[in-house]
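Everything on this sheet refers to the single structure shown next.
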Protein chains: 2
Amino acid sequence: MQDITVILIDDHAVVREGYRRLLERDSHIQVLAEGETAGDGYRLVCDKQPDVVVMDITLPGMSGIEVTRRILSKIPGQKILIFSMHEDMVFVNRAFQAGAKGYVTKSAAPEALIEAVRQVSLGKLYLSHEMAQSIASQTISDSGKDLDSLSGREFEIFHLLVQGKTLNEISAALHISYKTVANYQSNIRQKLGATTAAQIVRIAIDHGVISSVDKS
Amino acid sequence: MQDITVILIDDHAVVREGYRRLLERDSHIQVLAEGETAGDGYRLVCDKQPDVVVMDITLPGMSGIEVTRRILSKIPGQKILIFSMHEDMVFVNRAFQAGAKGYVTKSAAPEALIEAVRQVSLGKLYLSHEMAQSIASQTISDSGKDLDSLSGREFEIFHLLVQGKTLNEISAALHISYKTVANYQSNIRQKLGATTAAQIVRIAIDHGVISSVDKS
DNA sequence: TTGCACACGGGAATTCTTCCCAAGATCCCG
DNA sequence: CGGGATCTTGGGAAGAATTCCCGTGTGCAA
């Protein structure tokens, strides 16, 4: 059996050390190089042509998901494994949409990473166990958390909600009943798969609907 | 020179591997044990009596800052080094208030951790370089002043809330009653002058407690 | 010792959410 | 044109969450 060659991309040196040490426990996995930034990663991958790229989502400059997209547009078929601390389905969905072949959380068992690298190198998809469960409990990825699933009015109310407007303010602003707004809110939460208001705000941020410097 | 004994507490196995590998580059540092949870940490520290405890802020069950407080109430003088990915002053302040002797971010140079462990073991305080700089720029913009009105426990719950955790999850994680969490939430909202959950998240974002690429 | 702040939680009233239902509007498609 | 799908609008009622007020216990400091 041929060695599986791997490139690591993470901005935290400590975490890279951990990756490397873990992966090298398996004598069939060989870590070719480590990268620290999005640019590093892109260059290294083109240069070294590893079997698998293991990449964090949070990178300086560009998200790992964006890097994934760029790498794949240059090298279709490159196997990329996202190794992230985000246990949020939003990120999982985005990762797979971008073409990643696997998603493992940092809180997964160490062996899971090795297993994931193996699976991905064979061309299979890998989703860490906790994530798979959380998908099951959240009605598959078609539920989307995608803002596109919101109707026009729903989006309008969604937007007001995440700005911190109260239901009363919204009903007054839109000249509709409080009840209607409350019902919209329920629908929006369900469509976005959010149980708390805070989760909705996060989704809004993730989709650039609002930003931290957005006062309005 | 006597070896410096260290205990690592972090919930991510990969990160612990990295810590250990980094610290053991220095032949005078000896890692006695690793802990994964708040409980682990507390027990290990009482048991092994290490010179220095290196601890993450984000732990399952209880924040590293809370653990710090508890350890110190049991073993005053225990040297604790917080090693966190939060680059925000709010956390730095909380950590030192709780009695931590050092604060290093995960994005710091690997050598900084070793240096920090050394300094702290000698009884000195250590603050990583990026943090020291951001103190300078932060003291002017007094952001974070609102959050100072929150008590330690309130802040902890606030942090969990804005991550989108439900009241039930929080009460389970902290081993306190749902009612207590609900009451805390009410107090927090009142103290921060927020009427909706979304407004609280906005405050959290504005103060850098969370960001759009931050989870856990 | 007294006072104060904090962590914790029960009870009850109130308010919010959810779920279910329905009417009217609109628009597209065969 | 009629039928169907979708959207907007809201009521009713049960259930869940929030608030407000009350209390306990603990630790700390004057």
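In what follows, chains carry the letters A, B, and so on, assigned in the order in which the sequence lines appear, proteins first and then strands, with residues in each chain numbered from 1.
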task: Give one of base, sugar-phosphate or nothing for B/Ser177, where a contact means two heavy atoms less than 4.0 Å apart.
output: sugar-phosphate
In whole angstrom, give the distance that lies between atom [atom1] of [X] and atom [atom2] of [N].
X	N	atom1	atom2	result
B/Leu174	C/dG9	CG	C1'	14 Å
A/Ile170	D/dT8	CD1	C1'	16 Å
B/Leu150	C/dA7	CG	C1'	14 Å
B/Asn168	D/dT18	CG	P	10 Å
A/Ile157	D/dC7	CD1	P	13 Å
A/Leu167	D/dT18	CG	P	13 Å

Taking [Y]'s backbone N and O only, do any of them form a donor-acceptor pair with [X]'s side chain (distance below 3.5 Å, no angle check)?
X	Y	value
A/Glu36	A/Gly41	no
B/Gln190	B/Ser186	no
A/Ser84	A/Asp56	no
B/Glu17	A/Arg21	no
B/Glu154	B/Ser151	yes

Check: protein-nucleotides 22-24 of chain C nitrogen or oxygen pairs below 3.5 Å:
none

Show the distances under 3.5 angstrom between N or O atoms of the protein and N or O atoms of nucleotides 19-29 of chain D.
residue : atom : partner  : partner atom : Å
D/dT19  : OP1  : B/Arg189 : NH1          : 3.4
D/dT19  : OP2  : B/Ser186 : OG           : 2.4
D/dT19  : O5'  : B/Ser186 : OG           : 3.4
D/dT19  : O4   : B/Lys179 : NZ           : 2.6
D/dC20  : N4   : B/Asn183 : OD1          : 2.9

query: Under 4.0 Å between a side-chain N/O of A/Tyr178 and OP1 or OP2 of C/dT15, yes or no?
result: no
query: Is any side-chain N or O of B/Thr180 closer than 4.0 Å to OP1 or OP2 of C/dG9?
result: yes
- request: With sequence neighbours excluded, give me every salt bridge (charged side-chain N to carboxylate O under 4.0 Å, His left out) pair touching residues 107-117 of chain A.
  value: A/Glu115-A/Arg118
Quiz: residues 169-176 of chain A side-chain donor-acceptor pairs under 3.5 angstrom, not counting sequence neighbours:
residue  : atom : partner  : partner atom : Å
A/Glu169 : OE1  : A/Thr166 : N            : 3.1
A/Ser171 : OG   : A/Asn168 : O            : 3.0

Measure the spacing between [atom1] of [X] and [atom2] of [Y] and express it to the nearest 0.5 Å.
X	Y	atom1	atom2	result
B/Thr37	B/Asp10	OG1	CG	11.5 Å
B/Ile29	B/Ile4	CD1	CD1	5.0 Å
B/Lys179	B/Tyr184	NZ	OH	13.5 Å
B/Arg153	B/Ile188	CZ	CD1	11.0 Å

message: Rounding to 10°, can you tell me the angle the first-five-pair axis of the helix from C/dT1-D/dA30 to C/dG30-D/dC1 makes with its last-five-pair axis?
response: 30°
Provide a list of protein-nucleic acid N or O atom pairs under 3.5 angstrom, restricted to nucleotides 4-6 of chain C.
none

query: Which of these passes side chain to side chain contact (heavy atoms under 4.5 Å, CB included) with A/Leu81: A/Val53, A/Leu113, A/Thr68?
result: A/Leu113
message: Are B/Tyr103 and B/Tyr126, when compared by the centres of their aromatic rings, separated by less than 6.0 Å?
response: no
message: Any donor-acceptor pair under 3.5 Å linking the side-chain atoms of B/Asp51 with those of B/Ser121?
response: no
